[in-house]
Amino acid sequence: MTTIAANLQAVKSRIVAACVAARRDPGQVSLLAVSKTWPAEAVRQAAQCGQRAFGENYVQEALAKVAALADLGLEWHFIGPLQSNKSRSVAEVFAWVHSIDRLKLAERLSAQRPVGMPPLQVCVQVNVSNETSKSGCTTDEALALCRAVAVLPNLRLRGLMAIPEPAQESAVVVRRFSQLCALRDRLNDEGLGLDTLSMGMSGDLEEAIAAGATIVRVGTAIFGERAKT
Ligand SMILES: *Cc1c(COP(=O)(O)O)cnc(C)c1O
C-alpha cells in the first residue's frame, strides 16, 4: 500500500471514530482531500483509492492539476482566498467554492458560471475568531451576505466555512466550531436552508465533527507535511 493510501485509510478511520463518539452517522461527514502544493501524481494516487473530492487554494496551480487529471472526472473545491480578477477560471472549472467572503466575489462567480454547468456550490466563510489577519466575513455580516448570495442565479448556497485560529486547548477549538454551528442554525431559522458546515483540518477534525462538521478539509494527514513557502 502506498503512503497516501495508508494515510487516507487512517483519516477515514478517524472520521468514523469521531462520528461514533459524537453519535453521528459517518455518512453525514465527507472528506475533502486538500492537495494544494502537491503534484497531480499525488492526487492521482488518492483518486485510485476512491477519493473523489479535492481542495485547492491557488488558482494557477489548481488549473494545471485539473487539466492534467481531466480523465478522472474529479470534483474540485476552491478553498483559499480568491481575488476577484481570478474568479473566471474558478467559475469555469470548480464544483464548489468554500471561501465566499464578500458579495462582489459571489456576483462575479454567478455571472461567470458557464451556461450548461450545474450551479456552483458555495459556502460563506466566517471569521469565528474575529482576528483581523484571517479572511472571512464577521458573524454579524453573515446573515446579509448569505441572503444576497442565496438569490444569485448560478450559485447554490450550501453553508458556512471557517478556519479557527490554532489553539492548544481542545475546548477552545470546540467552542469556535460550535459558534459556526450555532450561526448556521440561526441562519436556518431565517429560512436559509443551509446543509453544510465546512470545518476541521488534519489537527482538529475530531473537534469539528463533534461540533457538527459535514465536510472536513484534510491535507497534511493525507499527503504529508507541505514544504514551507
Ligand atoms: C491547507 C488548508 C487545509 C488543510 O490543512 P491541513 O492542516 O494540511 O489538513 C484546510 N483548509 C484550508 C482552507 C486550507 O487552506
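Positions are given from 1, in the same order as the sequence printed here. Counting starts at 1 for both ligands and their atoms, in listed order.
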I need the nearest protein heavy-atom contact for [atom]: residue, atom name and distance, please.
atom: atom 2 (C) of ligand 1; answer: K36 NZ, 2.6 Å
atom: atom 8 (O) of ligand 1; answer: T220 OG1, 2.5 Å
atom: atom 9 (O) of ligand 1; answer: S202 OG, 2.5 Å
atom: atom 11 (N) of ligand 1; answer: R217 NE, 2.8 Å
atom: atom 3 (C) of ligand 1; answer: M201 SD, 3.6 Å
atom: atom 12 (C) of ligand 1; answer: I79 CD1, 3.5 Å

Using a strict cut-off of 4.0 Å, indicate which atoms of ligand 1 neighbour a heavy atom of [X].
X: N57; value: 14 (C), 15 (O)
X: V218; value: 9 (O)
X: I163; value: 13 (C)

Give the intermediate values and the outcome of salt bridge (Lys or Arg N to Asp or Glu O under 4.0 Å) for residues R176 and E207.
-> CA-CA 10 Å; R176 297 290 181 231; E207 287 88 347; over 6 Å; no
Assess whether a salt bridge exists between [X] and [Y], defined as any Lys/Arg side-chain N lying under 4.0 Å from an Asp/Glu carboxylate O.
X: R186; Y: E190; result: no
X: R14; Y: E206; result: yes
X: R184; Y: D195; result: no

Are R102 and S84 linked by a side-chain donor-acceptor pair shorter than 3.5 Å?
-> yes
Which word best sums up how the rings of F94 and F78 line up, parallel for under 30°, tilted for 30 to 60°, or perpendicular for over 60°?
->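 If you compare the ring of F94 with that of F78, the planes turn out perpendicular.
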Using distance alone, determine whether G219 and ligand 1 share an N or O pair under 3.5 Å.
-> yes
Any donor-acceptor pair under 3.5 Å from R113 side chain to R88 backbone | no
Non-hydrogen atom of H98 closer than 4.0 Å to ligand 1 = no
Cluster overlap V124 with L143, hydrophobic side-chain contacts below 4.5 Å =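 Yes; tracing contacts between hydrophobic side chains, which count when under 4.5 Å, links both residues.
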